[in-house]
Participant: 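Next up is a structure, given as structure tokens.
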Amino acid sequence: MQVKIITTQPYDDQNPGTSGLRKKVKTFQKPGYLENFVQSIFDSLEDINGKTLVLGGDGRYFNRQAIQIIIQIAIANGFGELIIGQGGLLSTPAASHIIRKNNAYGGLVLSASHNPGGPDEDFGIKYNVSNGGPAPEKYTDEFYKRSQSIASYKTLDMADIDLDRIGSQTVNNVSITVIDPVSDYAELMESIFDFGLLKNSISSGYITLLFDAMHAITGPYAKRILVDMLGASPESLINAVPLEDFGGHHPDPNLAHAHELAEVMFSSLAPTFGAASDGDGDRNMITGNNIFVTPSDSLAIMAANAQLIPAYAKGLSGVARSMPTSQAVDRVAARLNIPCYETPTGWKFFGNLLDAGKITLCGEESFGTGSDHIREKDGLWAVLFWLNLIAAKHQSVADIVHEHWRIFGRNIYCRHDYEAVESGIANELITHLRKLLPTLAGQSFGDYAVKYADEFSYEDSVDNSISKNQGIRIGFENGSRIVFRLSGTGTVGATLRIYLEKFEPDSSLHNQDAQVALAKLAELAEQFCEIKKRTGRAGADVVT
Ligand code: G16
């Protein structure tokens, strides 16, 4: 088949955000839009001739069409082998594992993660490098640069590949293999956790569970691992059939969006353990009978108890968290005498630390936790980690959390999101905060004396790259913090995230409501950034 060179015009909005390029489906359907971005990626990579590319997505609307388009561009650009998940499906963690397992050159993951799907909703595309992790900024900057001058892309006229039939075929000397998206990943999970113990704890009834796949990618993964391999009842899974529009919901695992799960977990019918995952399977929400575990606490608890899990029995080399994530894990690292790194938001910043063996576990407040087993955050891995902990410690989720707070103190934490704020207003707000920072040092607001007020900048300790403007931080002498950032994953206007954190060492105060405990900090945050005043809104759209 003859390679065709198609003339095209650049689009000016192809700058990847926190995790790849995310736009409305309708944007991706503009003539040449997807093609331009994929060609820009391939143009920016060196020496792709004959190399292996992994391809898969979360199954949202436009996934199948996009995969066929990408197959044609990949073949025309000289890749030698394509490995594709059956039905065009691969969860983000499974894609990361398959890239690593096959020593692939890289992979393209099609997802807009927790954002809604459907013809009028969101789509996304992300390039992962050979370590299985999201491309670092030096790559994504290059993709964008290339997209601004692109004049043509390469493709082929070919029939669609049958994405549903597992097996290999050759097209234009390129080997195309459609694989079962679940089995390699399930095997990896079995090598990390104590499946024997888990099976016994489930069959004996000690652990009862409810997993909400939110009509997203983890349905088939949860079915294979939790039901077929570990013996949980099929009723333990809800919303387990992936749908192109996620049933019209946000596949975002928090108490607001995973409300079906939340209702059960905070009722008299609650099982021992409840969890949810997101659109592409890399996020997780952990709950127990009448308790929600914040992602920051979950990371800290995992770090403190990791030695109970077979794969981490030898201990952790170090841990890392994104800057806005609470400092609970720092306390664990100090006690374990291991390093704790603070990175900007975005899983891509953990890649170098993981590759260098500097950290074993890492996580983010945005419902992401993971380890050195792959280079993405991993929803079902986190679920299995917690199930393994419950089984090994023979404690309920609530007991595990309360014991942790007793030992380490509680970092009371919460995030307020103001979504779809008009971009002009959001940018003015950030400019205003930047001007305010130098005036805050040394000031006191009631019990809150400002210790530092700055903009987070990160120097990667492995390759010394520097990432500036990664969020505005106001820290207080008593250990409390307020952080402000604009999200890099939204597709409409700007989303302002306000992160509030207060350390509470006194165990008699550990059970207080986070909103009550953080009320003064929330008031100060408004005083500093004036989001309500500037937008006329009464409060945040989502509080997690
Ligand atoms: C992505 C990134 C995460 C990041 C999250 C939120 O997650 O992989 O590292 O924490 O976005 O980013 P932001 O605050 O900029 O919206 P996902 O699950 O959306 O791929």
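Counting starts at 1 for both ligands and their atoms, in listed order. A quick note: this is a predicted structure, and the numbers were derived from the prediction, not measured. Note that the numbering runs from 1 along the sequence shown for the chain.
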Participant: Near Y139 OH, under 6.0 Å, is it more than 12 heavy atoms from other residues, nucleotides or ligands?
Facilitator: no

Participant: Look at the aromatic rings of Y458 and F456 and report parallel, tilted or perpendicular, splitting at 30° and 60°.
Facilitator: tilted

Participant: Show every side-chain hydrogen bond (donor to acceptor under 3.5 Å, both in side chains) that has at least one partner inside residues 55-71, sequence neighbours left out.
Facilitator: D58-R60, D58-S111, R64-D164

Participant: Hey, which of Q470, E364, R473 is the one that makes side chain to side chain contact (heavy atoms under 4.5 Å, CB included) with M323?
Facilitator: R473

Participant: Heavy atoms under 4.0 Å from ligand 1: which residues qualify?
Facilitator: T18, S19, R22, S113, H114, D278, D282, R283, T345, G346, W347, E364, S366, K377, R485, S487, G488, T489, R497

Participant: Over 60° means perpendicular and under 30° means parallel, so tell me whether F143 and F37 are parallel, tilted or perpendicular.
Facilitator: perpendicular

Participant: Kindly assign one of parallel, tilted or perpendicular to the pair F62 and F123, based on the angle between their ring planes and the thresholds 30° and 60°.
Facilitator: perpendicular

